[in-house]
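Please read the structure below before turning to the comments.
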Amino acid sequence: MSAQLGLSWWLYAYTVLTCTADIVVDTWINNFYITRRDFQERTLLVLGKKLARQKTLRWRNLAFGFALFLPWLAWLCYEAYVRIPAPKNLGFLVGMAVGGGVGFCIGFYIIWRMQRTNDSLLEEIRAIEAEE
């Protein structure tokens, strides 16, 4: 970003830090918050609570991510407009808008599917508990 486009190193540092933090939190929520061991050893009540909490954590992470993303986006647009020469900056901004829109749709679809999987597991747990 900085060497190729002439954008500030502060923007680059903010980008790296926020992306790294988001990856760490996403990995923890989706891979380590609920483990195979939970499915094997926990009671259905405990597992159901963890699944519901995982859904809440995902939405909170998404909201926090947007809170960090919006200032970054404004900062990136400003720097692209100011630092990239006139004919190139419009193409950069249009490409960023198209890529961002496609990325948003794909990312939201993935989150929606993960939440739907949790919902179906919670429904199965409720059905099993109702039988008992």
Side-chain angles (χ1 to χ4, degrees):
M1 285 173 55
S2 298
Q4 294 270 327
L5 300 174
L7 303 178
S8 75
W9 284 100
W10 289 108
L11 177 63
Y12 175 75
Y14 183 81
T15 303
V16 170
L17 289 174
T18 55
C19 286
T20 302
D22 187 56
I23 289 169
V24 168
V25 172
D26 280 344
T27 302
W28 180 77
I29 291 171
N30 295 315
N31 297 328
F32 299 113
Y33 182 72
I34 296 179
T35 63
R36 289 182 186 175
R37 193 173 186 177
D38 289 323
F39 283 98
Q40 294 170 348
E41 297 177 3
R42 303 282 184 224
T43 65
L44 290 178
L45 181 63
V46 172
L47 183 59
K49 286 181 180 180
K50 284 191 89 167
L51 286 166
R53 174 90 171 126
Q54 186 181 43
K55 285 182 61 174
T56 302
L57 289 172
R58 276 195 200 114
W59 286 123
R60 286 183 183 168
N61 184 39
L62 183 65
F64 187 72
F66 271 117
L68 294 176
F69 171 74
L70 294 177
W72 174 84
L73 182 63
W75 190 2
L76 179 64
C77 289
Y78 171 76
E79 286 214 11
Y81 183 75
V82 170
R83 293 181 183 234
I84 298 175
K88 291 182 181 178
N89 66 3
L90 181 61
F92 178 80
L93 294 172
V94 169
M96 191 175 69
V98 171
V102 170
F104 174 80
C105 291
I106 292 169
F108 193 79
Y109 176 73
I110 291 169
I111 289 174
W112 177 73
R113 286 207 41 207
M114 287 189 295
Q115 297 293 67
R116 199 173 69 177
T117 300
N118 279 36
D119 287 338
S120 67
L121 289 171
L122 286 168
E123 286 177 24
E124 288 180 27
I125 289 171
R126 286 187 198 112
I128 291 171
E129 287 179 342
E131 290 175 6
E132 293 177 354

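Computed from heavy atoms alone, side chains included, the values below leave out hydrogens, waters and symmetry copies.
From S120, atom OG reaches atom CG of N118 across 7.5 Å, with rounding to the nearest 0.5 Å. Considering OG1 of T18 and CZ of F69, their distance stands at 10.0 Å, rounded to 0.5 Å. One distance of note links CZ of F92 with OH of Y81; it measures 15.0 Å at 0.5 Å rounding. Taking CG of L76 as the reference point, atom OG of S8 lies at 9.5 Å (rounded to 0.5 Å). Note: L11 CG to W75 CH2 = 5.5 Å, rounded to the nearest 0.5 Å.
For the side-chain contact (heavy atoms from CB on, under 4.5 Å) test, residues two or more places apart in sequence or in another chain that qualify with F64 are L68. Remark: Y78 engages V82 in a side-chain contact (heavy atoms from CB on, under 4.5 Å) (not counting sequence neighbours). Residues satisfying the side-chain hydrogen bond (donor to acceptor under 3.5 Å, both in side chains) criterion with R37, sequence neighbours excluded, are E41. The side-chain contact (heavy atoms from CB on, under 4.5 Å) check on Q115 picks up K55, R58, W59, I111, with sequence neighbours excluded.
For the pair A80 and L7, the tightest heavy-atom approach, listed with the atom from each and the gap, is N-CD2, 4.0 Å.
Within the hydrophobic cluster formed by Ile, Leu, Val, Met, Phe, Trp and Tyr side chains joined at under 4.5 Å, directly or through other members, L122 is accompanied by V25, W28, I29, F32, Y33, I34, F39, L44, L47, L51, L57, L121, I125, I128. Apart from W112 itself, the hydrophobic cluster it occupies contains Y109, where clustering links Ile, Leu, Val, Met, Phe, Trp and Tyr at side-chain heavy-atom distances under 4.5 Å.
Under the 4.5 Å side-chain heavy-atom criterion for Ile, Leu, Val, Met, Phe, Trp and Tyr, V24 and M114 are members of distinct hydrophobic clusters. Placement of V94 and F104 in two distinct hydrophobic clusters is found when ILVMFWY residues are connected by side-chain heavy-atom separations under 4.5 Å, directly or transitively.
Around atom CZ of R83, more than 12 heavy atoms belonging to other residues, nucleotides or ligands sit under 6.0 Å away.
Two residues are said to be in side-chain contact when any heavy atoms from C-beta on lie closer than 4.5 Å; D26 and N31 fail this criterion. Side-chain contact check for I23 versus T20: every heavy-atom pair is 4.5 Å or farther apart. When side chains are defined from C-beta on, R60 counts as touching T56, because their heavy atoms get closer than 4.5 Å. Taking the side chain as every heavy atom from C-beta outward, L73 and M96 approach each other to under 4.5 Å.
No donor-acceptor distance shorter than 3.5 angstrom exists from the side chain of N30 to the backbone of T27, with no hydrogens or angles considered.
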